[in-house]
Amino acid sequence: MTFQLFGLPVSRGIAIGRAVLVASSRIDVAHYYVGADAVETEIDRLRVARDAVAAGLAAMKNDLPAEAPAELSALLDVHLMLLHDESLTGATKQWIRERHYNAEWALSAQLEVLARQFDEMEDEYLRERKADLEQVVERLLGVLARGEDGASPIVAPASGGDPLVLVANDISPADMLQWKGGVFLGFVTDVGGKTSHTAIVARSMDIPAVVGAREASRLIRQDDWLVIDGDAGTVIVDPPPSVIEEYRAIKRERDASRAGLARLRHLPAVTLDGEAVELLANIEQPGDAAAALEAGACGIGLFRSEFLFMNRGGDLPGEDEQFEAYRTAVEAMKGLPVTIRTVDIGADKALDRMSANELRHEHALNPALGLRAIRWSLSDPAMFRQQLRAILRAAAHGKVRVLLPMVAHLSEVRQTLDALARARQQLDDAGRAYGPVEIGGMVEVPAAALVLPAFLRHFDFVSIGTNDLIQYTLAIDRADEAVAYLYNPWHPAVLQLIAQTIAGARAAGKGVSVCGEMAGDTAFSELLLAMGLRSFSMHPSQIVAVKQRVLGADAGRWSQSLGRILGADDPERECLVVTSAMSENAHLVEGHRAPRAVASEPAL
């Protein structure tokens, strides 16, 4: 029987093949108490299991093929860090010692505690790291139960040479390593989000994928024919031959279009009316810089430095380790600018060396409004100066910009400039080389947008973080499912703040970019151009699609409709009306250029 499933589109393209089902690796856990004389035995069992899993993950990382995406190695590192995190193994030992739980029960109990903490996190990327934690615990439970390394082998059914797609509750990085020779053309998972590890790896491997399809692994049967539409986030199960042929035709058309888009990667991004546009990349790790360059990025618009600090227990990166990470990214970009955001951490993203529980209790009413980002850095001057010294040293190897997150007060800017001056003096005293840096601030709260002229007296540039700006402008927690439907980037107040910020920065002769999700969403490309934006920063995989929109846009004509769109009660609908009107009159636009010949006609 043919039916359709819906999930999140996380990696574009169409995959058609027979389903390979991977049963959930969830393990039934025995719950029993151990005597006082058996406590140390249980702790030894836990230690042996941890060492076995660590050895297995390390071996997988060492055996990674040269063509494996860098993201896969990074995710294995995340699993190793979680495995050795005291909040997991150390706290599990406490359950055994204090409650006399058996090792399996203690692990499960601690997983529940940590899972709740992850669920409370505001940051979507960090919230979805709960899946990594669950997979680490499952591997530990597998060793405790079976004495093995906890892996669940993926065995492809005999399909007579038909193409294969993978269906699972979730897919761990270790499972990914079993995709020998690209045997699977795509995958579907029950759980996951746009920043889950499955989504990250799917994008890096350019494999069509749909995640968060809920009951997919229960409803789909082994060897069912599936059509995975990674653009729409849909999965068609057991489609008739006519539907398969239709999607094969669509796939051929999209593949041809994507091939054309790929040829745009290293073309300059210039609008039809001659406006040059800078397309930058957002990255999390130094190794991501190479992929950004390959995608055609003309720089790094956002290096999220906090990912160097995460999941390390009490062993935070020192100045030299940070310097090496920043230098790696700077040198990989070969002279192109790298914008390093100072650590955006605190409240729901507490550093392991501090008491996460204390911070969580202190700010439990609303961690999004707590001690985070620049507030957190300024509360620990020694740590902050350490990061600033590492960034300054990296600037001796290329063009570096420093970006301050969540600034709202001039006092924060002044304190940061003072910290930078002290960091330079410390480097001078130590005889260490360093380079010049530009200083910028993120516009993430309405206060920053409203007092922008005062900030611009101190900043060289600003970057608009639309994700948080939307959240704080509309007074909704985007991590709260009860109000998530109110998160609306098309809200007139949000668009007016963005337009006001862009106009203010341009009037002051200062650089301005957008580094939130709106930058990589092609639905907003022309509108942002109309506002005067000439610098977009996004995930590397989004660059060519945005470039296509830029190449087909007339920024001047769009700017004539800006007031009409911003003044509308429903800007999204008004933008569609403007788009339609321009499309109808497209034949009047002169100056057809070479890029039109290498890609399908952009939709304005």
Side-chain angles (χ1 to χ4, degrees), residues 3-11 15 17-29 53 57 60 72 75-76 78-79 82 104 107-108 111-112 114-116 118-119 124-125 127-146 148-157 164-179 183-203 205 207-224 226 228 230 233-238 481:
F3 60 93
Q4 198 166 2
L5 298 171
F6 300 90
L8 297 174
V10 295
S11 186
R18 287 192 180 274
V20 177
L21 252 65
V22 179
S24 172
S25 57
R26 301 290 181 188
I27 298 171
D28 291 330
V29 174
V53 173
L57 292 174
M60 290 176 194
L72 200 48
L75 289 168
L76 288 172
V78 169
H79 280 212
L82 287 170
E104 291 89 341
L107 263 176
S108 300
L111 174 61
E112 289 300 317
L114 295 174
R116 284 196 297 271
F118 274 95
D119 287 338
E124 181 184 8
Y125 182 92
R127 195 166 61 248
E128 289 180 355
R129 299 286 67 76
K130 182 177 79 169
D132 295 291
L133 175 67
E134 290 171 338
Q135 289 167 1
V136 168
V137 171
E138 286 176 7
R139 295 179 73 85
L140 285 167
L141 291 172
V143 173
L144 290 168
R146 301 187 296 270
E148 301 167 358
D149 69 357
S152 301
I154 298 175
V155 181
L164 304 175
V165 295
L166 194 64
V167 181
N169 175 261
D170 200 3
I171 306 171
S172 73
D175 289 336
M176 294 278 188
L177 294 177
Q178 299 180 58
W179 292 23
V183 62
F184 297 109
L185 302 182
F187 65 78
V188 184
T189 63
D190 298 339
V191 299
K194 291 189 175 182
T195 58
S196 64
H197 59 264
T198 47
I200 293 168
V201 174
R203 285 191 290 266
M205 297 175 74
I207 295 173
V210 173
V211 303
R214 303 297 178 95
E215 298 292 312
S217 65
R218 187 179 65 83
L219 297 174
I220 296 171
R221 297 171 302 180
Q222 197 80 256
D223 257 1
D224 274 349
L226 301 182
I228 299 174
T234 59
V235 180
I236 303 175
V237 183
D238 196 22
E481 292 183 1

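In this structure the side chain of Val136 never reaches within 4.5 angstrom of the side chain of Val53, judged on heavy atoms. Considering only heavy atoms from C-beta on, Val210 stays 4.5 Å or farther from Thr234 through its side chain.
Leu141 and Ser108 make their closest contact through CD1-OG, 4.4 Å (heavy atoms, listed as atom of the first residue, atom of the second, distance). Here the closest non-hydrogen pair linking Leu5 and Ile220 is CD1-CD1, 3.9 Å. Nearest heavy atoms, Gly230 versus Pro9: O-CB, 3.1 Å. When all heavy atoms of Leu185 and Ala15 are compared, the pair lying nearest together is O-CB, 3.6 Å. The heavy-atom pair separating Phe184 from Val165 by the smallest distance is CD2-C, 3.9 Å. The shortest heavy-atom contact between Ala19 and Arg221 is CB-O, 3.7 Å.
To the nearest 0.5 angstrom, Arg18 atom CZ is 9.5 Å from Leu164 atom CG. Note that CZ of Arg214 is 11.5 Å distant from OG1 of Thr189, once rounded to the nearest 0.5 Å. In this structure, Leu21 CG and Arg218 CZ are separated by 12.0 Å, a value rounded to the nearest 0.5 Å.
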Practice problem: Just do the side-chain contact (heavy atoms from CB on, under 4.5 Å) check on Asp238 and Phe3 with the steps written out, would you? | Solution: CA-CA 7 Å; Asp238 196 22; Phe3 60 93; 5.9 Å; no

Quiz item: What do the steps show when you test Val167 against Val235 for side-chain contact (heavy atoms from CB on, under 4.5 Å), and what is the final call?
Solution: CA-CA 11 Å; Val167 181; Val235 180; over 6 Å; no

Self-check item: side-chain contact (heavy atoms from CB on, under 4.5 Å) between Val237 and Leu219, intermediate numbers included
Solution: CA-CA 9 Å; Val237 183; Leu219 297 174; over 6 Å; no

Self-check item: Derivation and outcome, side-chain contact (heavy atoms from CB on, under 4.5 Å), residues Glu134 and Asp170
Solution: CA-CA 10 Å; Glu134 290 171 338; Asp170 200 3; 5.7 Å; no

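Under the side-chain hydrogen bond (donor to acceptor under 3.5 Å, both in side chains) criterion, Glu112 pairs with no residue, sequence neighbours left out.
No hydrogens or angles considered: a donor-acceptor pair under 3.5 Å links the side chains of Asp190 and Ser217.
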